[in-house]
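Worth knowing before you read on, the calculation uses all heavy atoms, side chains too, and leaves out hydrogens, waters and symmetry mates. In listed order, ligands and their atoms are each counted from 1.
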Amino acid sequence: MTIERSLVLVKPDGFARGLTGEVLRRIEAKGYRLVALQVMTPDVESLHSHYAEHQGKPFFEPLVDFMASGAVAAAVIEGERCIEGFRALAGATDPTAALPGTIRGDLGRDWGTPVQQNIVHGSDSPESAAREIDIWFPEL
Ligand code: IDP
Ligand code: MG
């Protein structure tokens with residue numbers, strides 16, 4: 001089995017609500033290893049690159065504005081199948097529909113904003129993970 005790495009972000013809503021520790025606790029309790037961890041306020045250029053697949057969608061500009069609105073905690077995690085595993089921990093994109101037991105289901109809700117504020121980001125494939133880790137942690 002190949003050891004994977006995934007890029008995790010505690011988004012500005014999660015960071016501002018003081019949920020970074022809770023997110024990291026769940027990652028560590030699951031058994032994944034923290035490889036890198038940094039608090040930063042994302043720049044718009046990095047966010048355009050990070051969310052390139054969503055360019056042109058109605059929520060794209062609100063998404064970039066939201067993600068640039070404050071500090072995030074960025075992490076690289078590591079473990080067998082951690083890309084799929086973290087997506088399962090995070091839960092569905094829509095925090096109202098996300099199942100209880102997941103980060104988004106337990107800690108998130110709809111706030112009536114044009115973009116869903118759902119606490120965390122996690123890479124969705126090995127290709128995305130490699131691309132995203134290079135954006136957020138070019139030194140790795
Ligand atoms: P993911 O974060 O679960 O991978 P994506 O489809 O990659 O979801 O979308 C990126 C982010 O854009 C989501 O986490 C959410 O914050 C926001 N988003 C996605 N789809 C919608 C939508 O239909 N309305 C509002 N915001 C959305
Ligand atoms: Mg995504």
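Of all the listed residues (Met67, Arg104, Gln116, His121), Arg104 holds the heavy atom that lies closest to atom 2 (O) of ligand 1. Comparing Asn118, Asp110, Val115, Val120 against atom 14 (O) of ligand 1, the shortest heavy-atom distance belongs to Asn118.
Phe66 and Ile135 fall within the same hydrophobic cluster, defined by Ile, Leu, Val, Met, Phe, Trp and Tyr side-chain heavy atoms under 4.5 Å apart, directly or through other members.
In this structure, atom 6 (O) of ligand 1 lies nearest to the protein heavy atom His54 CE1, 3.5 Å. At the top of the distance list for atom 22 (C) of ligand 1, counting protein heavy atoms only, stands Phe59 CD2, 3.7 Å. Among protein heavy atoms, the minimum distance from atom 4 (O) of ligand 1 is reached at Arg87 NH1, 2.7 Å. In this structure, the protein non-hydrogen atom closest to atom 3 (O) of ligand 1 is Thr93 OG1, 2.6 Å.
Annotation for Glu45: atom CD does not count as buried by contact number, only 12 or fewer foreign heavy atoms lying within 6.0 Å. Under a cut-off of 6.0 angstrom, the local environment of NZ in Lys30 is sparse, with at most 12 non-hydrogen atoms contributed by other residues, nucleotides or ligands. Atom CZ of Arg81 has 12 or fewer neighbouring heavy atoms from other residues, nucleotides or ligands inside a 6.0 Å radius.
Under the 4.0 Å criterion applied to side-chain N and carboxylate O atoms, Arg87 and Glu84 are not assigned as salt-bridge partners.
Each of the atoms 25 (C) of ligand 1 lies under 4.0 Å from some heavy atom of Pro114. Taking every heavy atom of Lys11 and a limit of under 4.0 angstrom, the matching atoms of ligand 1 come to 13 (C), 14 (O), 16 (O).
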Exercise. Would Asp106 and Arg26 count as a salt bridge (charged side-chain N to carboxylate O under 4.0 Å, His left out) if you check the C-alpha gap in whole Å, the side-chain angles of each, and the deciding distance to 0.1 Å?
Worked result: CA-CA 12 Å; Asp106 286 349; Arg26 291 179 184 221; 3.1 Å; yes
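The closest side-chain donor-acceptor pair between Ser46 and Ser49, if any, does not fall under 3.5 angstrom.
For ligand 1, the polar-atom distance check finds no N/O of Gln117 at less than 3.5 Å from any of the ligand's N/O atoms.
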